[in-house]
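Have a look at the structure below, then the notes.
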Amino acid sequence: MASLGPEDGAFPFPSVTMAVLRQPGPDGAVDLSFDVAGDEKPVRPVAVTIDGRRIALTNLNGPVAATVAAAMTNGTVLTVLEAGDRRRATVSLKGASAALRWIDARQGRAGTVTALVAKGDKPAASVPGRRAAPIIRAVVATGRAAMPTPKQLAEMKRLAACGEGFATTMQPETHALGGEATLVMLPCSSGAYNLSSALFVIRGGDVDVARADVPTGFGPTPAAGEDVTTSVVNGAWKDGELTSYAKGRGLGDCGVTQKLVWDGSRFRLSEQAEMGECRGNPHYLTTWRAQVVRQ
């Protein structure tokens, strides 16, 4: 659950936003986080008040966080206090009770003693346990990246339809995927805060459009087009992991982040986080996570 600014998205944005995370399972702990958008200084909370009731934040998870979340269900305004109980910001609690009730229901804890809102007498043992994450068997990225030939590069530019002016100004990145395959990240289009790169895989003289098991780059966003190639936005390759960060706007308070790994034939989504509302909160909510096993 994440706090948001006004629905019209107008400036100024809230100086501090808040997120509440509930871990699954009978013993699922509550975690709190406080975030800022842009270049604001980080939040260092020592306490919060909810409609005047002060709760010391000795930490941001476990019983203390659960106490805060429970108090939020009947509150109207939360105030964030820093050292010396200096007021840093206020957060509206409008909708918090409904959101926490939804979490209770989705995690199967409604009607149990573990619920934050939908409390009941059922024991904690009746809450479903954490489901195992899907397993992705990924290839260890070994070998040396090949450089595309002029002929291969021309074919990539044709398939990606990047536009000749743009495609000639930026050089592609290449990274070894293992199994004598090379990833080519071809810069294809750009805006004020997003650089989109088309993905290809070369093996010897063959050029293939990289495949992925989900929409990537702008694919999960309303900005998705009809590109025939797989792409990443503000992409990077590090330690055998490909990342994409499609910003909804420069502030970074909305968009989609993705992590993908190579299984030998296609890229597989290992993690995705999203913030669909451009309303001041840079805390993206995780919507997918898998366990990666390297082989």
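Residues: numbered from 1 along the sequence shown. These numbers come from a predicted model, not from an experiment.
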CZ/R86: more than 12 non-hydrogen atoms of other groups inside 6.0 Å: yes
Between the side chains of Q272 and R289, is a donor N or O closer than 3.5 angstrom to an acceptor N or O? no
State whether the side chain of D51 and the backbone N or O of V77 hold a donor-acceptor pair below 3.5 Å, judged by distance alone. yes
Consider only side-chain N and O atoms of T114 and R109, and report whether a donor and an acceptor are under 3.5 Å apart. yes
Exam field: side chain R279 to backbone P6, donor-acceptor pair closer than 3.5 Å: yes
If you look at every heavy atom in G217 and A246, which pair is closest and at what distance? O-CB, 3.7 Å
So which atom in V184 and which in M156 form the shortest heavy-atom distance, rounded to 0.1 Å? CG1-SD, 3.7 Å
Taking every non-hydrogen atom, the tightest pair across A56 and V64: O-CG1, 3.5 Å
Salt-bridge present (D85, R54; N to O < 4.0 Å): yes
Rounded to the nearest 0.5 Å, the CZ atom of R211 sits from the CG atom of L199 at a distance of 13.0 Å
Is the number of heavy atoms from other residues, nucleotides or ligands within 6.0 Å of CZ (R294) greater than 12? yes
Separation between CD1 of I50 and CG of L93, rounded to the nearest 0.5 Å: 6.0 Å
Atom CZ of residue position R203 - does it have more than 12 heavy atoms of other residues, nucleotides or ligands inside 6.0 Å? yes
Taking every heavy atom of G280 against every heavy atom of D253, the minimum-distance pair comes out as N-OD2, 2.7 Å
Only one of V256, N194, V232 passes side-chain contact (heavy atoms from CB on, under 4.5 Å) with F218, and that residue is N194
Which heavy-atom pair separates V30 from A69 by the least distance, and what is that distance? CG1-CB, 4.2 Å
Taking every non-hydrogen atom, the tightest pair across A210 and F267: CB-CE1, 4.1 Å
With no hydrogens and no angle check, is any side-chain donor or acceptor of Y245 less than 3.5 Å from a backbone partner on V233? no
Between T17 and H283, is the side chain to side chain donor-acceptor pair (under 3.5 Å) condition met? List the steps. CA-CA 8 Å; T17 54; H283 186 106; over 6 Å; no
Within-4.5 Å side-chain heavy-atom neighbours: M275 and N281: yes
Within 6.0 angstrom of E82 CD, more than 12 heavy atoms from elsewhere: yes
Using atom types as modelled and distance alone, determine if a side-chain donor or acceptor of R87 lies under 3.5 Å from a backbone N or O of T79. no
Between V293 and I136, is any pair of side-chain heavy atoms under 4.5 Å apart? no
Does any N or O in the side chain of S126 come within less than 3.5 Å of the main-chain N or O of K122, such that one atom is a donor and the other an acceptor? no
Within a reach of under 6.0 Å around CZ of R266, are more than 12 heavy atoms found that belong to other residues, nucleotides or ligands? yes
Say whether S265 and D263, considering side chains only, have a donor N or O and an acceptor N or O under 3.5 Å apart. yes
Quick one: does V20's side chain get under 4.5 Å of D31's, heavy atoms only? no
In this structure, CD of E271 is separated from CH2 of W288 (nearest 0.5 Å) by 11.5 Å
Within a reach of under 6.0 Å around NZ of K119, are more than 12 heavy atoms found that belong to other residues, nucleotides or ligands? yes
Any chance the side chains of T182 and H175 put a donor and an acceptor closer than 3.5 Å? no
Only one of L78, L4, D35, V80 forms a side-chain contact (heavy atoms from CB on, under 4.5 Å) with M18, so which one is it? L78
Distance, nearest 0.5 Å, that separates CG of D239 from CD of E241: 8.0 Å
Above 12 or not: heavy atoms from other molecules or residues under 6.0 Å from NZ of K247? yes
To the nearest 0.5 Å, how far apart are CG in L269 and OG in S244? 10.0 Å
From I55 CD1 over to T49 OG1, what is the distance, rounded to the nearest 0.5 angstrom? 8.5 Å
Hydrophobic cluster membership, L21 vs I103, 4.5 Å side-chain cutoff: no
